[in-house]
Protein chains: 2
Amino acid sequence: MFTTCVAYRRTAAVQERLDATRTRIVAAAHDLVARHGYAGCSIALVAEAAEVATGSVYRHFPDKGALFAEVFRTSTQREVDAVAAAAAEPGSVAARLSRAVETFAHRALASPRLAYALIAEPVDPGVEAERLTYRAAWTDLFAGLVADGLASGELPPQDPAVSAAAAVGAMAQALVVPLHHGGAEPHVVPELTAFITRSLGASS
Amino acid sequence: MFTTCVAYRRTAAVQERLDATRTRIVAAAHDLVARHGYAGCSIALVAEAAEVATGSVYRHFPDKGALFAEVFRTSTQREVDAVAAAAAEPGSVAARLSRAVETFAHRALASPRLAYALIAEPVDPGVEAERLTYRAAWTDLFAGLVADGLASGELPPQDPAVSAAAAVGAMAQALVVPLHHGGAEPHVVPELTAFITRSLGASS
DNA sequence: GCAAGTAGTGAACACTGGTTCATTCCTTGA
DNA sequence: TCAAGGAATGAACCAGTGTTCACTACTTGC
């Protein structure tokens, strides 16, 4: 009555291949976004780049938004981690701030198309929600620096949240938006660093 | 042979009605954008709001982009003019700067949805090109103030273009992006004003 | 080798929303 | 009143894309 024949079980080898395919899809999507942005980055293109059928993408992600949300999440996390590491190195708040801004700027200048895609490019709602989360991550990172500066008396009284949001906006606008159209301009880095340092009152 | 009968000529009355219809279409589009943003603001909705048929919209604009470019242009010009007027009033650079930031901030807080649509909301390429133009208008406005400050010695040495871009980004991020989700927070205005003033070195 | 069941496929589908155009309605000057 | 021609209409069209699904190919345990 109960046929105990269980002919197929997902074996370790198969799981490994599945994981590899999934990784390949995400990598292909990441690559396409970094090179051409979200615009014109269709499922069909991703599938072609990952060498799978379009339908196969849906065996790993429920819909397009989920795929690109993951791409966005992993890419942004890498950037946040890099800047956070630079800011965590010991030193005065002014020095840590400068390192953070410089790290952000240099990385953005090194991958301008990706930076634009992560920070400013129009995306559909699913990815925008992810962006909101990471906007908070950026702001928190700088708000933490400001709070440290307030605690140590290095910075004048200010609302860390507002200052951090404004600082993040300043970096994004000064670096990423211009990069969108026209080439990189490395000379902005020291200017921007000075701007941010002054803006938080760490200029002395 | 040549029938001299030229039965129909566009008369002044007709022209007036045409202009009125066009104005109504733009007004309807503006209203929809200000209330719901570009997303979901279709030609069909605009036509309905303007009480014309969808096809009639195309008797006044070659395509959707042209209509929304005009909406964007007129709306943004109004904002730029208002801030420019505030900045033009006589006074120290620091005072003019504060007035400019406050004017920008108060107007954005008064019409948050519109502000978001004009500054940060994803738009299609035709409108984005228009936004690029006006981004330059904003930056030029503040670059002019920085240049004045440099000339008078009120501000320390800096690249007006970079400082202005960063300042505009700071205002946009601190005000508009948060407004997108969640309510208005008027308390940010003085914080933001202080931030911008410090950032340009006009703090003293 | 075989039955059971999963992974993979890609052409077809569905939906959205901008755009068109044959038709109707008006306006004009005689 | 009437012919001429522009203005207005809105249903139909079309293009681009995300998504599905009937089908094939493969893997597994016996």
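Any value given below was found using the heavy atoms of this structure, including those in side chains, with hydrogens, waters and symmetry copies removed. Note on naming: letters A, B, ... go to the chains in the order of the sequence lines (proteins, then strands), and numbering restarts at 1 for each one.
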What parts of residues 14-22 of chain B reach DNA chain C, counting only heavy atoms under 4.0 Å away? B:Val14, B:Arg17
So, does A:Glu121 use its side chain to make a donor-acceptor pair with the main chain of A:Ala39 at under 3.5 Å? yes
If only side-chain N and O atoms of A:Arg9 are considered, is one of them under 4.0 Å from the OP1 or OP2 phosphate oxygen of C:dT6? no
Please check if atom CD in A:Gln15 has more than 12 non-hydrogen atoms from other residues, nucleotides or ligands closer than 6.0 Å. yes
side-chain contact (heavy atoms from CB on, under 4.5 Å) assessment of A:Arg107 paired with A:Phe104: CA-CA 5 Å; A:Arg107 292 179 67 93; A:Phe104 177 94; over 6 Å; no
Protein-nucleotides 16-20 of chain D N/O pairs closer than 3.5 Å?
| from | atom 1 | to | atom 2 | distance (Å) |
| --- | --- | --- | --- | --- |
| D:dG18 | OP1 | A:Lys64 | NZ | 2.4 |
| D:dG18 | OP2 | A:Ile43 | N | 3.2 |
| D:dT19 | OP2 | A:Tyr58 | OH | 2.7 |
| D:dT19 | OP2 | A:Lys64 | N | 2.8 |
| D:dT19 | O5' | A:Tyr58 | OH | 3.4 |

Once you round it to whole Å, what is the distance between C1' of D:dA7 and NE2 of B:His60? 9 Å
Would you sort out whether A:Phe72 and A:Val33 count as a side-chain contact (heavy atoms from CB on, under 4.5 Å), showing the intermediate values? CA-CA 9 Å; A:Phe72 183 92; A:Val33 168; over 6 Å; no
Would you say a side-chain N or O of B:Arg10 is under 4.0 Å from OP1 or OP2 of D:dG6? no
Gap between atoms CZ and P, on A:Arg59 and C:dT6 respectively (whole Å): 10 Å
First locate atom OG1 of B:Thr54, then atom CD of B:Glu48, and finally report the distance between them rounded to the nearest 0.5 Å. 11.0 Å
If you look only at distance, which donor and acceptor atoms sit under 3.5 Å apart when one is on a side chain in residues 143-151 of chain B and the other is two or more places apart or in another chain?
| from | atom 1 | to | atom 2 | distance (Å) |
| --- | --- | --- | --- | --- |
| B:Asp148 | OD2 | B:Arg96 | NH1 | 3.2 |
| B:Asp148 | OD2 | B:Arg96 | NH2 | 3.2 |

For A:Glu51 and C:dA7, what is the distance between atoms CD and P respectively, to the nearest whole Å? 21 Å
Does CD in B:Gln77 sit with more than 12 non-hydrogen atoms of other residues, nucleotides or ligands closer than 6.0 Å? yes
Pair A:Glu128 + A:Arg131, salt bridge at N-O below 4.0 Å: yes
